[in-house]
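Remember, it's 1-based here, ligands and their atoms both numbered in the order they're listed.
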Amino acid sequence: MNKTDFGRRLRLWFRRHGRDLPWRQTRDPYAILVSEMMLQQTTVAAVIPYFERWMKRFPSVQELAAAGESEVLSLWQGLGYYRRARNLHASAKKIDGDWSGKFPQDYEGLRALPGIGDYTAQAVRAFAYDEAVPVLDANVIRVVARLFDLGTPVDTAKGLARVRGKLEELLPAKSGHEFVSALMELGALICRSGRPDCLLCPVKEFCRARHPERLPFKAPKVPIKKRTELAAWVWDGEAVLLQQSTARRWVGLWRLPPLDGEPPAGPAAELTYSIVRERVTLRIHPRSEGDLSASAEPRKAFSLRRLDCIAIPSPHRRAITKMIQNVVDHG
Ligand code: SF4
């Protein structure tokens, strides 16, 4: 494959068809980091309003570093996976405190920030510093696997190494920002998972995929586990009792108090949500505070008005909305 011709075709297409996303209008490494953290496991459309709100409230590392955790988590509310917000906050504190506000530029410096893996470090280098480095997100992996008709599962170390090697063959000597953005955009708009739009593809003459719809290959899936969580609805007509989690998943967030043991008898509302490799059914049982077993975690009753100002995990916020709707419907 002639990489110069490939890169030219790709860039020309991107200049005409690439989307005008807010984080593509900046080279500020902090803003790029915020967008990349938000985009993990979340769609572009969902991230845009969060990104704009966040950058308005915390326009710089210094402003984020100075903020309290509850405000940070509250602004993140609805995006899920709160660990990303905590890591972003911790990174800002580290840059502002330990490194006197100087944002790291090299790979090792970026990887030293909390929660920054290979993908995010390379993305910041490409988008903020214009370096031509391999940025391996799902779109890029799919496009490269198809361009080279790769038969090794891309979710294995060996498969990913092959994708990285092929991508490095394609990278230009400089101007990584545009090249990487264009490759990602091709994956998002044309070379989509499932059925790609090969007829519209600007680089189809370079593509070796014989059955692109079957690529990329993946290793057999680990089955999804089903699990039930029980929570108490303690409501005095004006306020709902919440418990602040100290568990790793939702540390610091306020949720409905968990109930231990077997599902209790009596009416319950339920909803489902997904976390990594698990489908969880959350069952909510009306209880009085005296029914709850003692807990080391703090409990507090919040009026409906105050619920908007505290960080609550999304499934529990949905549960609260559902229970309040029940109260309104049935008196
Ligand atoms: S020709 Fe089809 S499979 Fe190949 S890169 Fe383009 S869209 Fe993807």
Side-chain angles (χ1 to χ4, degrees), residues 1-24 32 35-36 39-48 117-127 130-221:
M1 183 184 307
N2 182 319
K3 80 173 193 181
T4 310
D5 288 348
F6 173 85
R8 193 170 50 234
R9 288 281 177 79
L10 184 65
R11 281 196 293 267
L12 281 175
W13 169 82
F14 180 64
R15 284 172 202 167
R16 288 189 64 181
H17 299 284
R19 290 166 295 175
D20 188 19
L21 303 175
W23 44 89
R24 288 197 178 138
I32 303 286
S35 69
E36 289 300 335
L39 285 163
Q40 289 167 21
Q41 287 131 341
T42 312
T43 63
V44 165
V47 164
I48 290 174
D118 173 76
Y119 166 77
T120 308
Q122 297 292 44
V124 173
R125 290 175 74 197
F127 300 140
D130 207 18
E131 289 185 61
V133 290
V135 185
L136 290 168
D137 80 339
N139 284 325
V140 171
I141 291 170
R142 183 171 60 254
V143 173
V144 174
R146 285 172 173 170
L147 281 170
F148 292 94
D149 204 26
L150 300 181
T152 319
V154 296
D155 49 356
T156 61
K158 191 174 168 198
L160 198 61
R162 285 197 75 196
V163 172
R164 187 188 304 275
K166 290 297 179 190
L167 176 57
E168 280 170 350
E169 287 175 19
L170 288 179
L171 287 173
K174 53 183 184 167
S175 305
H177 184 290
E178 190 175 40
F179 181 87
V180 174
S181 303
L183 207 54
M184 283 182 173
E185 199 71 334
L186 186 72
L189 302 183
I190 302 282
C191 193
R192 296 188 304 253
S193 64
R195 199 167 283 278
D197 273 333
C198 297
L199 287 176
L200 298 177
C201 180
V203 292
K204 60 176 172 289
E205 74 182 72
F206 303 92
C207 183
R208 296 182 199 155
R210 288 161 295 173
H211 300 288
E213 67 286 352
R214 296 185 198 163
L215 294 172
F217 285 126
K218 298 235 174 113
K221 278 227 174 351

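Applying the side chain to side chain contact (heavy atoms under 4.5 Å, CB included) criterion to Leu189, with sequence neighbours excluded, gives Trp13, Arg19, Glu185. Residues meeting the ring-ring contact (aromatic ring centres under 6.0 Å, His included) test with Phe179, sequence neighbours left out: none. Remark: Asp130 engages no residue in a side-chain hydrogen bond (donor to acceptor under 3.5 Å, both in side chains) (not counting sequence neighbours).
In this structure, a donor-acceptor pair under 3.5 Å is absent between the side chains of Tyr119 and Gln40.
The structure places SG of Cys207 at 9.0 Å from CZ of Phe6, a figure rounded to the nearest 0.5 Å.
With salt bridges taken as basic N to acidic carboxylate O contacts below 4.0 Å, none links Lys174 and Glu131.
Annotation: protein N, O or S atoms under 2.8 Å of atom 6 (Fe) of ligand 1 (waters excluded) comprise Cys201 SG.
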